[in-house]
There are 2 protein chains.
Amino acid sequence: MQKAAIERNNETIAAQLTPVGRETVQDRVYSELRRALIGGLFEPNQVLTIRGLADALVTSTMPVREALGRLITEKALEARPNRSVRVPPITLERIDDLLRARSLIEGEAIALAATRMNPRQIASIEAMLGEWDEMRALKHKKDIDREATLNQSFHFEIYRCCGSAVLIPMIESLWLQSGPCIRVAIYAFSDAGEVDTAHYHRSIVAALAKQDAQAAREALVADISRPFAFLRDKLQSAKD
Amino acid sequence: MQKAAIERNNETIAAQLTPVGRETVQDRVYSELRRALIGGLFEPNQVLTIRGLADALVTSTMPVREALGRLITEKALEARPNRSVRVPPITLERIDDLLRARSLIEGEAIALAATRMNPRQIASIEAMLGEWDEMRALKHKKDIDREATLNQSFHFEIYRCCGSAVLIPMIESLWLQSGPCIRVAIYAFSDAGEVDTAHYHRSIVAALAKQDAQAAREALVADISRPFAFLRDKLQSAKD
DNA sequence: TCAAAGCAAGTGTGATCACAAATCAAAATC
DNA sequence: GATTTTGATTTGTGATCACACTTGCTTTGA
């Protein structure tokens, strides 16, 4: 029988090749806009136009309008009555609202993860801690983008261990919504002097290593509260 | 000065007219699909085609594809690698996952609402209780759709009082995801004999009236757990 | 001089078309 | 007779066009 032989041959070929996938243009546009939003590349209140983004991304309007629609349903962008779309503005209420939701859901996710992470996964997280120190060592040039990316990887690496296919997309949605706010806070941070993010991350890792769900939750809440509290004070004083 | 007079005239005209709004076709399609999904009109695993829905809704493919895209990002629908879209299948893990997320977030929402509802709002909720009894009185024809709608109104009337613009969309997303599952359970309920939903709702209202956040949370979790637990048993036994 | 009307450029929405990929059934091959 | 191949139909994706609405500026009229 040749059948089994052919099958085997195909499998060996498949093992050699890296899947190229079949990502649509729309998906790429969507991912790119997500990245920009989480990274805070767009400012609150900034209005986005379909044709403008299409030009910037070198595609037609079709994939962009679809991506924008998706981001609007996630509340990452806001559809105004004029039918224009903008990055949602920052308000005090919104900041508190986002922080509460993030504490609740990300707290639950990390509590679940604490009881489920295996030593290998913990080691992986710990390694990221080292990477952080390394970056900090050569801090002649503080690279905010790299910091943000590393921070994101650290958190989601943990969340992925919670084993919930429902919670994780909600957390992504929350990051998407708080991205523009956070970036504002981070910039303010840099000006106001360094704050040791690594310290907070270390206490998170310590709690996870001990499988202490409650401690992990508290350490996480402390970590994510920081930029929000900072931003809150900044807005509060700006109002006076 | 005529200006004030004209202004006044315009205002009286405005008071007489009901705003016609400017809802797009896309929005209508999206709402309709949402309604169908939450109401469980689509079965798990059912595949949906753009052209098929466009024909059914008597529009072109354009608004439908945009609405489908939005529902996919909310995880209300699932994009398969074939690029076809289907209603997500029910699995044991997914049921537990959805129930946990709903308990967490809706529980938080009702706890917030408990401390914020004013007597007028409580009275409004209580009135819905009466409506429920009324429906139950003439139960010669059990109207599952009406029951589902009333149940939805009851819950969201409460959640709206939580004062969080972030939590409510997340809850809507969760209802969207659990809609197809729930409907399956509700049908099974009807066959397995009536369960007194009104009883659960009454204890929720009682807790809210006392502004007892913890009791409200527990009563709510008991309420939403019921169909999930039922469905869980059903799936579990079907597996054997 | 200033507010209101008019005009032009820009923008979102929906329809239609072209194309590639998937699906399914019939036909051909072993 | 079972499996593969082929071909027709269906389906999603992206591009383009037409239309309506918004916006900002100019022009007009008091």
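Below, chains carry the letters A, B, ... as their sequence lines are ordered, and counting in each starts from 1.
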Nearest-0.5 Å distance, CD1 of residue A:Ile95 to NZ of residue A:Lys234: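 Answer rounded to 0.5 Å: 9.0 Å.
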Tell me the interatomic distance from [X], atom [atom1], to [N], atom [atom2], rounded to whole angstroms.
X: A:Ile50; N: C:dG10; atom1: CD1; atom2: P; result: 16 Å
X: A:Arg80; N: D:dT23; atom1: CZ; atom2: C1'; result: 12 Å
X: B:Met62; N: D:dA18; atom1: CE; atom2: P; result: 17 Å
X: A:Glu23; N: C:dA20; atom1: CD; atom2: C1'; result: 17 Å
X: A:Glu66; N: C:dG12; atom1: CD; atom2: P; result: 15 Å
X: B:Asp55; N: D:dG12; atom1: CG; atom2: P; result: 11 Å
X: B:Arg83; N: C:dC19; atom1: CZ; atom2: P; result: 18 Å
X: A:Asp27; N: D:dT13; atom1: CG; atom2: C1'; result: 11 Å

Could you work out which one of [options] sits closest to the side chain of [X]?
X: B:Arg51; options: C:dG14, D:dG14, D:dT11; result: D:dT11
X: B:Thr49; options: C:dG12, D:dT11, D:dT13; result: D:dT11
X: A:Gln26; options: C:dG14, D:dG14, D:dA18; result: D:dG14
X: B:Val25; options: D:dG14, C:dT13, C:dG14; result: C:dG14
X: A:Arg65; options: C:dG12, C:dG14, D:dT16; result: C:dG14

Most 5' of A:Leu68 and B:Ser60 on DNA chain C, judged by nearest nucleotide: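 First, find each residue's nearest nucleotide; the 5'-ward one identifies A:Leu68.
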Comparing A:Pro81 and B:Thr61 on DNA chain D - which has the more 5′ nearest nucleotide: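 The answer here is B:Thr61.
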A:Gln121 side chain vs A:Asn118 backbone, donor-acceptor pair below 3.5 Å: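 Flag set: sc A:Gln121 to bb A:Asn118 pair under 3.5 Å.
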Short side-chain N/O contact to D:dT23 OP1/OP2 from A:Asn82, under 4.0 Å: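 The answer is yes; a side-chain N or O of A:Asn82 sits under 4.0 Å from OP1 or OP2.
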Residues B:Asp223 and B:Arg102 bridged, charged N to O under 4.0 Å: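 B:Arg102 and B:Asp223: not salt-bridged.
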A:Arg100 and A:Asp97 ion-paired at < 4.0 Å: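 Result for this pair is yes, salt bridge flagged.
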Charged tip of B:Arg34 within 45° of B:Trp175 ring normal and under 6.0 Å: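 Geometry flag: not set, cation outside 6.0 Å or 45°.
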